[in-house]
Amino acid sequence: MQNFPPNSGSGRGYQTLEAPAESFEQQPPNNWKGVFNISSYTQYFNVDTDVVINRLISSFHPTAGDFFNKIEANPDLYGLIWITTTLVFMLSCFGNFATYLMQKHTDGTTTWSFDVGYVNVAASGIYGYAIVVPMAFYFLLQYLGSNASLIRFWCMWGYSLSIFVPTAFLLLIPVELLRWIIILITGTASSCFVALNLRSYIEGGNDLTIIVIAAFLLQMALSIFIKVWFFP
Amino acid sequence: MSNSHSDTIPLRPSNSQSDIDEIRSLIDDSVHSGPAVVLPARHPATTPPPSSSPFISSNIPPPPPVSSSSSLQKLQSVPAAPPPPPPVGNSSSIVANGFGPPPNTLTEPVLDTVKRDLWRIVSNLKLVVFPNPFREDPGKALRDWDLWGPFFFIVFLGVALSWSASVKKSQVFAVAFALLAAGAVILTLNVLLLGGHIIFFQSLSLLGYCLFPLDVGALICMLKDNVVAKVIIVCLALAWSSWAAYPFMSSAVNPNRKALALYPVLLMYLSVGFLIIAID
C-alpha cells in the first residue's frame with residue numbers, strides 16, 4: 001500500500017494524536033495545499049467501507065447523541081455527498097412513481113407520465129438544504145462564541161438525511177394516512193438525531209437551546225416538504 | 001548538416017537501454033585500451049543536427065587505430081542488437097522513425113483523420129465493453145484513451161431519451177446530458193479523493209465507453225414500447241455496463257474502499273437506466 005502523496009498518511013497519524021488535546025476546531029487542516037489541489041481534500045475522504053457503514057447505522061439511532069464523538073478524529077464528506085445524491089435520485093424516481101400510483105388509486109384511468117421537473121426540484125432542494133443549513137449553524141455558533149466545526153456539521157447533517165432513503169421506498173404505498181404516519185415518524189427520528197447530537201456538541205448553556213430547537217424544526221420542515229411535493 | 005553522420009554510423013531509433021549499452025561499451029573500450037585513449041562523446045566542433053534521437057554516435061571522431069576496429073565493431077553491433085521499438089499509435093501512418101519529427105497530422109487529408117479516429121473508437125470499445133476475461137491486467141483498460149467515443153455515446157443517449165419523451169423534450173436532454181457528463185467527472189473525482197490512482201481523462205473515457213450497452217438498450221426501448229420488455233432490456237444493459245466498469249474502478253482504489261468507489265458508479269448507471277425505462 002503506497003503513501004503517495006506522502007502527506008496523507010503521516011498527516012492522518014499526527015492529527016489523531018492531536019485531536020483530543022485541541023480545544024477549538026478552528027485551526028486549518030494540516031495538509032492544505034491550495035484550493036485547486038486535490039490532495040488537500042483527500043483528508044476529508046479518509047474512510048473505509050466499514051467506517052461508513054458504521055456511521056450510517058448509527059444515524060438510524062436517534063437517541064444516542066454520540067455521533068460527534070464518533071466522527072471527532074475523522075469527519076468525512078463522503079457521506080454528505082453520496083447520501084444527498086442518492087436521496088435526489090430516490091425522490092425523483094419514486095416521487096414520479098408514487099404520484100402515478102396515487103393518481104391511479106383515485107382515478108383509475110391515468111397514464112404514466114414522467115415529470116422531469118422532479119429531478120430539478122429534488123436536486124436544488126436537497127443539495128441546498130444539506131449545504132446551506134450546516135453553514136448557517138456554523139456561522140451562527142461562531143458568532144455566538146460557541147465551538148463549531150463546519151466539516152463536522154456537514155458530516156452530521158449529511159448522515160442525518162440517510163433515514164429518508166428507505167422512507168422514499170415506504171412512501172410508495174398509495175394510502176394517504178399511512179404516508180403521513182410514515183413521514184412523521186421518520187421526520188421525528190431524523191430531527192431528534194440532529195437536535196440531540198447538536199445539543200451534546202455545543203457548550204454554551206441554556207441560551208443556545210433555541211438553536212437546537214431551530215435545527216429540529218428545520219429538519220421536520222424538510223421532511224414535510226418531501227412528503228408534500230414528491231408524494232402528494 | 002545531414003551528411004556529417006551519413007558516412008560513419010547509421011542512425012537507428014534510440015531507446016535508453018541501447019544508449020546505456022553503447023556508453024558501457026565505450027567505457028569498456030577506453031578502460032581496456034589504456035589511459036591514453038579517451039573517446040569524447042561528442043566532437044566539440046560539430047553541432048548535432050536536430051532530430052528526435054538525442055544520442056548521435058556519429059559525432060565521435062575516429063579513435064586511434066589500435067582499438068578503432070574493435071570499438072567500431074562494438075558500436076556497429078550495438079545498434080543491430082536491440083530491435084527498433086514498435087511504432088506508437090494504432091495507425092500505420094504515424095511511425096516514430098527517428099528521421100526527423102513524426103509526420104504532421106495537421107496536414108493529412110480529413111478522411112484519414114476521421115478514419116483513424118473511428119478506428120480508435122472501435123478498438124477502444126472492443127477493449128472496454130467486450131473484454132477478454134483472461135487478460136493479464138484488467139485495470140489497464142485504455143492506454144490510448146480518447147474523448148470522441150464517450151462524447152458520441154452521451155449525445156446519442158440524450159437524443160434517444162429526448163426522442164422518446166412526449167413532453168419537455170429539451171429538458172429531458174439537458175438532464176440526461178448533465179447527469180452523464182457531470183457524473184463521469186464526479187465519479188473520477190470520487191476515486192481520486194478516496195486516495196485511488198487513476199488518470200483523470202482515462203477514467204472519463206472509460207466511463208463514457210461503458211455507456212455503450214445502455215445506448216443499445218435505449219435504442220431498443222425507443223423502438224419497443226412494452227414496459228416489461230423495457231425493464232428486462234434495461235436490467236441486462238445495466239448489468240453489462242457495470243460488469244465492464246467494475247474491474248477498472250475496483251483496481252484503482254485500496255481494497256478496503258472498493259465498495260465506496262463502486263457504489264456511485266452503480267448509482268449513476270441505475271439512474272440512467274431508470275430514465276430510460278421511465279421516459280415515454
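The figures here come from the full heavy-atom set of this structure, side chains too, leaving out hydrogens, waters and symmetry mates. Numbered from 1 within each chain, the chains take letters A, B, ... in sequence-line order.
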Should we say atom [atom1] of [X] is surrounded by more than 12 heavy atoms from elsewhere, each under 6.0 Å from it?
X	atom1	answer
A:Trp180	CH2	yes
B:Phe151	CZ	no
A:Phe60	CZ	yes
A:Phe97	CZ	no

* Tell me the residues of residues 157-179 of chain B whose non-hydrogen atoms fall below 4.5 Å from those of chain A, in number order. =>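 So the qualifying residues are B:Lys168, B:Gln171, B:Val172, B:Val175.
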Minimum side-chain heavy-atom gap [X]-[Y] below 4.5 Å:
X	Y	result
A:Met90	B:Leu267	no
B:Leu193	A:Tyr78	no
B:Leu189	A:Tyr41	no

Nearest-0.5 Å distance, [atom1] of residue [X] to [atom2] of residue [Y]:
X	Y	atom1	atom2	value
A:Ile81	B:Ile186	CD1	CD1	8.0 Å
A:Asp50	B:Asn256	CG	CG	6.5 Å
A:Ser92	B:Leu275	OG	CG	8.0 Å

* Out of B:Ala259, B:Ala261, B:Ala278, which one racks up the most heavy-atom pairs below 4.5 Å with chain A? ->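 Of B:Ala259, B:Ala261, B:Ala278, B:Ala278 has the most heavy-atom pairs under 4.5 Å with chain A.
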* Can you spot which of A:Asp48, A:Asp76, A:Thr49, A:Val51 makes a side-chain contact (heavy atoms from CB on, under 4.5 Å) with B:Leu260? =>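 Testing B:Leu260 for a side-chain contact (heavy atoms from CB on, under 4.5 Å) against A:Asp48, A:Asp76, A:Thr49, A:Val51 leaves exactly one candidate, A:Thr49.
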